[in-house]
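FYI, side chains are in, hydrogens and waters are out, and symmetry mates aren't considered; it's all heavy atoms of this structure.
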Amino acid sequence: MRDSLREITANSIRDIDPDRIDMDGLRDRLALEDHSIDELAESIRKHGQQVPIMVRPSDKPERYRVVYGRRRLAAIRKVGGTVKAIVRTLDDDASLIAQGQENNLRLDPSFIEKSLFIKEMQEAGYKPGVIQDALGLTRQGVSNHRVVIDQLPYELIRLIGPAHGIGRRQWGDLAALSEKAPLVDVAREILSRVKDDTPSPEKFQAVFDAASSKARGAVKRTAPAQPTVVRDASGAPLATLASDGRSVAIKITRKSNPEFSQWVEEHAEAMLRQVFAQWQDESGSGS
């Protein structure tokens, strides 16, 4: 495969004006406009473009659509001049597979970037086999990525970044905290205190630690209090009173007080109205 790629590269590299190349297709990276593009642009300025990008002819005359090499194209647009490109006539499926395979060979996308790419491919209607070939994953591998990405707000992922080295379990653990902590709000707050050039894995850890702490605090605040036993004048239990911060419950056990529980059931509505009216009188809420 490498020999055939070298042959294709040697025979079909062209110098193309970047303005004739449309940056379309599905995203396979979380960010193009970051400091790494500036670093790549500086490298190309010093040493030239060492690796060509791949494009395919557009439906519009004298225009092309990028297949892979979006970061290199963005960097060369900063540097100026033409871009070295392999021109291939590919359909959408073949273009997607080439994009995914080239990225896996050159710079392995992070778990969350692969997950986003899978989501975009599925929503664009690509068949499972094409998606698996593009990323070199099994059907189960694709499913594992999609399960996690469906639990995470895109804004949260955008704030954290690609987070290379952070895998499925860690992203899944963060997603599980969403029931106890507002993850996007936590991320905005905690990341506003860190430098912009903080590595993405460190941003992930900072958000995870802050969300975990907030979740533990929420559990502590909402932990239900121990039920209170209500007793009659002789000390015999009548009922239990429980409150969990969201509701108040009165429980009468039929086995212990069958006749009383039956009477309460029959008169409960009237009793509640009477108690409510009393509360209004005492609190002044009825005026």
Side-chain angles (χ1 to χ4, degrees), residues 1-60 62-118 120-121 124 126 130-137 145 161-166 197 199-201:
M1 180 177 176
R2 292 186 181 277
D3 290 340
S4 62
L5 183 59
R6 290 194 190 97
E7 183 179 350
I8 291 170
T9 302
N11 293 331
S12 60
I13 293 180
R14 302 183 195 176
D15 291 320
I16 301 175
D17 186 335
D19 290 339
R20 292 167 57 195
I21 302 173
D22 296 321
M23 189 82 82
D24 68 350
L26 303 182
R27 293 173 301 171
D28 50 27
R29 289 288 184 271
L30 263 173
L32 284 177
E33 301 302 328
D34 59 12
H35 68 280
S36 67
I37 298 297
D38 293 331
E39 293 174 357
L40 181 58
E42 184 60 27
S43 175
I44 291 174
R45 185 180 288 110
K46 289 181 179 178
H47 307 292
Q49 181 188 351
Q50 301 298 311
V51 180
I53 69 171
M54 180 179 282
V55 299
R56 55 177 174 156
S58 171
D59 295 335
K60 302 173 184 177
E62 300 300 316
R63 296 199 65 79
Y64 302 90
R65 299 165 64 187
V66 66
V67 176
Y68 60 68
R70 286 165 175 76
R71 293 179 70 256
R72 276 163 279 166
L73 179 58
I76 289 170
R77 281 177 170 161
K78 287 179 176 287
V79 172
T82 58
V83 59
K84 297 183 185 299
I86 304 167
V87 180
R88 297 284 305 276
T89 300
L90 302 171
D91 61 21
D92 288 346
D93 286 357
S95 175
L96 188 75
I97 291 172
Q99 177 185 351
Q101 291 182 345
E102 197 269 352
N103 282 326
N104 283 335
L105 285 172
R106 285 189 51 76
L107 178 61
D108 190 34
S110 68
F111 172 85
I112 205 65
E113 285 181 312
K114 285 184 179 180
S115 299
L116 285 169
F117 195 23
I118 287 169
E120 289 208 5
M121 286 188 283
Y126 285 96
V130 173
I131 297 172
Q132 292 169 46
D133 289 344
L135 291 175
L137 294 172
H145 284 72
H164 285 88
I166 304 297
D197 60 354
S200 187

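Pro18 and Arg77 make their closest contact through O-NH2, 2.9 Å (heavy atoms, listed as atom of the first residue, atom of the second, distance). Of all the heavy atoms in Ile53 and Gly69, the pair that sits closest is CG2-O, 3.5 Å. Looking at every heavy atom in both residues, Ala75 comes nearest to Ile44 through CB-CD1, 4.0 Å. Closest non-hydrogen pair, Met23 versus Ala74, comes out as CE-N, 4.4 Å. Taking all atoms of both residues into account, the shortest heavy-atom contact from Ser110 to Pro162 is OG-O, 2.7 Å. Pro52 and Ile13 get closest at one heavy-atom pair: CG-CD1, 4.1 Å.
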*asked:* Set out, in order, the CA-CA distance, both residues' side-chain angles and the distance that settles side chain to side chain contact (heavy atoms under 4.5 Å, CB included) for Thr82 and Arg20, then state yes or no.
replied: CA-CA 10 Å; Thr82 58; Arg20 292 167 57 195; over 6 Å; no
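Distance check, rounded to the nearest 0.5 Å: CD of Gln49 to OG of Ser43 gives 11.0 Å. Note that CD of Gln50 and CZ of Arg72 are 11.5 Å apart. Values are rounded to the nearest 0.5 Å. The line from CD1 of Ile76 to CD1 of Ile16 is 11.0 Å long, rounded to the nearest 0.5 Å. Rounded to the nearest 0.5 Å, atoms NE2 (His164) and CD1 (Ile112) are 11.5 Å apart. Atoms CG and CZ, on Asp17 and Arg14 in that order, are 14.5 Å from each other to the nearest 0.5 Å.
Between Ile166 and Phe111, the closest side-chain pair of non-hydrogen atoms is not below 4.5 Å. Between Ile21 and Arg65 the shortest side-chain heavy-atom distance does not fall below 4.5 Å. Contact of the Asp92 side chain with the Arg56 side chain is registered, since non-hydrogen atoms from C-beta on lie closer than 4.5 Å.
The side-chain contact (heavy atoms from CB on, under 4.5 Å) with Tyr68 is formed by just one residue from the set Leu73, Leu96, Val55, Ile86; it is Ile86. Each of Val66, Val67, Val87 was compared with Met54 under the side-chain contact (heavy atoms from CB on, under 4.5 Å) criterion, and only Val67 meets it.
For the pair Arg45 and Asp38, the salt-bridge criterion is not met [side-chain N within less than 4.0 Å of a carboxylate O].
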